[in-house]
Number of protein chains: 2
Amino acid sequence: MSTPLAHIVDDDEAIRDALTWLFRTREVASAEWSSAEEFLAAWQPDWRGCIVLDIRMREMSGLECFDVLQEQGNTLPVIFLTGHGDVPMAVGALKKGAFDFLEKPFEDNALVDVVIRALAKDAKRQASQASQASVANHLALLTPREQEVMNLVLAGKFNKVIADELNISMRTVEVHRARVFEKMGVRSAVELAQLLAPSREKGSGSSGEH
Amino acid sequence: MSTPLAHIVDDDEAIRDALTWLFRTREVASAEWSSAEEFLAAWQPDWRGCIVLDIRMREMSGLECFDVLQEQGNTLPVIFLTGHGDVPMAVGALKKGAFDFLEKPFEDNALVDVVIRALAKDAKRQASQASQASVANHLALLTPREQEVMNLVLAGKFNKVIADELNISMRTVEVHRARVFEKMGVRSAVELAQLLAPSREKGSGSSGEH
DNA sequence: GACTCAATTGTGGTCATCCGCAGTGTGGAA
DNA sequence: TTCCACACTGCGGATGACCACAATTGAGTC
């Protein structure tokens with residue numbers, strides 16, 4: 001598990017140096033990448049933090065880099081920097097899920113504020129995702145039969161009915177049911193329902209809701 | 001309950017006429033408003049549809065109008081139109097929850113597409129909100145004591161424990177419990193937990209997530 | 001004062017859940 | 001072949017949930 005970093009992706013060394021210095025003085029941990037390609041090659045899905053991405057770069061542009069990242073399941077907030085962006089570009093970026101879009105020249109304070117908010121957002125997302133992942137892990141420990149029984153339990157059916165539908169005895173259902181509770185770390189069907197309810201909402205959409 | 005309308009808010013009659021004509025040919029129902037003030041005076045929280053809002057207007061600007069609307073709990077998607085918007089303006093609007101931000105001149109098709117997506121989004125939101133509102137209504141039918149018991153039931157506690165905590169007899173808890181199930185239209189604690197789980201997530205944030 | 005509603009309680013019974021004990025059968029891994 | 005995970009089953013008992021019947025009290029209304 002990596003520590004949260006503000007990843008600076010810019011092919012202009014002067015800007016990278018300036019941003020690194022800026023972040024260091026504000027006690028924001030950061031990393032530098034001199035091109036989109038370099039960053040993409042290193043990027044890992046489990047990274048924490050945010051991305052400060054220059055749009056105009058020599059090879060791959062920031063926008064292209066962003067698209068690749070999103071396709072690969074990136075969840076880090078992306079803050080675009082640009083010298084001469086136009087409105088459609090900014091609108092498009094935000095609608096695709098970018099966190100912010102800043103035009104140069106910008107105030108140091110403005111950028112740091114945005115980065116801090118982005119880091120906070122990622123921390124939040126990370127926390128909520130961790131609990132969901134934990135549930136998923138527990139769920140994976142269930143045998144197929146146990147999952148089957150669990151679903152019927154969550155449907156509010158009596159053990160008797162479940163036994164009937166699965167053509168097994170009530171006693172067997174009870175055993176599966178008990179194992180499900182044990183493995184999921186709950187002590188009643190109600191707790192189970194509450195534990196699973198959030199993740200059972202359909203469509204766990206990531207960002208672009210337009 | 002009003003029918004879904006694309007509300008055109010613009011003080012330029014020529015543009016209103018053009019948009020009205022455009023929407024009519026695309027079978028999108030619309031309404032015209034010649035100023036932000038006029039629209040705000042008429043606006044009702046239960047309106048369906050979307051808002052096409054010109055930014056540059058004589059008295060109140062589209063951005064100001066938008067702020068007022070959001071404060072009053074507007075949920076309709078807002079599409080901004082502008083002749084000469086700048087990037088910070090667009091970014092700010094989107095981050096405050098605007099649905100889209102189009103610069104004139106725009107393609108008729110582009111605007112209609114955006115409006116149709118906005119209408120679809122509102123329809124979706126409306127549907128999900130309706131079911132939540134229904135749950136809330138049922139919840140409001142519960143007496144204070146019943147809600148108290150319900151919460152303890154949802155905490156997975158036994159009737160005996162609940163009786164203890166409330167200093168009442170088990171029998172009374174059973175009665176409250178039965179009334180809760182009846183009023184909420186469910187037949188088991190599991191169903192109740194599932195019914196309430198979505199709305200029990202903290203923070204029913206409306207739009208601006210930044 | 002009659003009436004309604006929320007909250008309360010008891011009795012006695014049925015049905016469901018939970019659990020320990022004890023055991024069978026199958027298929028895959030060591 | 002032995003071991004193990006998984007699925008399956010029966011018995012019996014303790015405990016919890018649910019329900020019909022029957023009733024009391026206090027607050028607020030008509």
Side-chain angles (χ1 to χ4, degrees), chain A residues 131-200, chain B residues 131-200:
Chain A
S131 71
Q132 284 204 355
S134 156
V135 171
N137 284 342
H138 286 219
L139 225 45
L141 290 179
L142 300 179
T143 66
R145 202 53 158 174
E146 283 163 357
Q147 296 200 22
E148 216 168 340
V149 171
M150 186 189 75
N151 287 329
L152 294 171
V153 167
L154 289 177
K157 300 185 179 177
F158 294 141
N159 287 352
K160 194 166 78 173
V161 179
I162 298 174
D164 234 51
E165 289 189 21
L166 299 180
N167 280 316
I168 56 180
S169 82
M170 250 186 70
R171 188 66 187 86
T172 306
V173 174
E174 287 174 23
V175 172
H176 286 316
R177 185 183 181 123
R179 285 222 186 293
V180 167
F181 287 174
E182 186 190 341
K183 289 185 180 175
M184 298 299 292
V186 299
R187 281 177 311 110
S188 71
V190 177
E191 282 182 49
L192 187 66
Q194 289 177 336
L195 187 67
L196 264 55
S199 44
R200 289 206 146 209
Chain B
S131 71
Q132 285 204 354
S134 156
V135 170
N137 284 342
H138 285 219
L139 224 45
L141 290 179
L142 300 180
T143 66
R145 200 56 156 173
E146 282 163 358
Q147 296 199 22
E148 215 168 341
V149 171
M150 187 188 75
N151 288 329
L152 294 171
V153 168
L154 289 177
K157 300 186 178 176
F158 296 140
N159 287 352
K160 194 167 80 173
V161 179
I162 298 173
D164 234 51
E165 289 190 23
L166 298 181
N167 280 316
I168 55 181
S169 80
M170 249 186 71
R171 187 66 188 84
T172 307
V173 174
E174 287 175 23
V175 172
H176 286 317
R177 186 183 181 123
R179 284 222 188 294
V180 168
F181 287 173
E182 186 189 342
K183 288 184 181 177
M184 299 299 291
V186 298
R187 281 176 312 110
S188 71
V190 177
E191 282 182 49
L192 186 66
Q194 289 176 336
L195 187 67
L196 264 54
S199 43
R200 290 203 144 212

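Order of the sequence lines sets the chain letters (A, B, ...), proteins ahead of strands, with each chain counted from 1.
Applying the 4.0 Å criterion to OP1 and OP2 of C/dA16, one finds that A/Lys160 has a side-chain N or O inside that range. Here B/His176 reaches the OP1 or OP2 of C/dT8: one of its side-chain N or O atoms lies under 4.0 Å away. For C/dC5, the OP1/OP2 oxygens have no side-chain nitrogen or oxygen of B/Thr143 closer than 4.0 Å.
Annotation: side chain of A/Val153 is not in contact with side chain of A/Val180 (no heavy-atom distance under 4.5 Å). For the pair A/Leu142 and A/Met184, the minimum side-chain heavy-atom distance is below 4.5 Å. Side-chain contact between A/Lys183 and A/Thr143 is present, with at least one heavy-atom pair separated by less than 4.5 Å. Between B/Met150 and B/Leu196 the shortest side-chain heavy-atom distance falls below 4.5 Å. By the 4.5 Å heavy-atom criterion applied to side chains, A/Glu146 and A/Leu141 are not counted as neighbours.
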Along nucleotides 25-30 of chain C, 5' to 3', which nucleotides get a B, which get an S, and which get a -, given that the test is a protein heavy-atom distance under 4.0 Å? ------
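Note that CG of A/Leu192 is 9.5 Å distant from CZ of A/Arg177, once rounded to the nearest 0.5 Å.
Separating the CZ atom of A/Arg177 from the P atom of C/dA16 is a distance of 12 Å, rounded to the nearest angstrom. A/Phe158 has its CZ atom 12 Å from the P atom of C/dC18, to the nearest Å. If you take CZ of A/Phe181 and P of C/dT17, they are 10 Å apart, rounded to a whole angstrom. Following rounding to the nearest Å, B/Asp164 (CG) and C/dT8 (C1') show an atom-to-atom distance of 16 Å. The distance between atom CZ of B/Arg187 and atom P of C/dC15, rounded to the nearest whole Å, is 17 Å.
Position along DNA chain C of the nearest nucleotide to B/Asn167 versus B/Leu141 favours B/Leu141 as the more 5'-ward residue. Comparing B/Arg179 and A/Lys157, the nucleotide of DNA chain C nearest to each residue sits closer to the 5' end for B/Arg179.
Nearest heavy-atom pair, A/Leu166 versus A/Arg145, reported as atom, atom and distance to 0.1 Å: O-NH2, 3.5 Å. A/Lys157 and A/Val161 get closest at one heavy-atom pair: CD-CG1, 4.1 Å. Taking both residues in full, the closest heavy atoms of B/Leu152 and B/Glu165 are given as CD2-OE1, 3.7 Å, listed atom of the first, atom of the second, then distance.
Under a 3.5 Å cut-off, the side chain of B/Glu191 and the backbone N or O of A/Gly156 do not form any donor-acceptor pair.
Of the residues in residues 168-175 of chain B, those lying under 4.0 Å from DNA chain D by heavy-atom distance are B/Arg171, B/Glu174.
Bracketed by its first and final contacts, the part of DNA chain D lying under 4.0 Å from non-hydrogen atoms of chain A reaches from D/dC6 to D/dC11 in 5' to 3' order.
A/Arg171 and A/Glu174 are joined by a salt bridge, as a carboxylate oxygen and a charged side-chain nitrogen come within less than 4.0 angstrom of each other.
Of the candidates C/dC18, C/dA16, C/dA7, C/dA7 carries the atom nearest the B/Pro144 side chain, counting heavy atoms from C-beta on.
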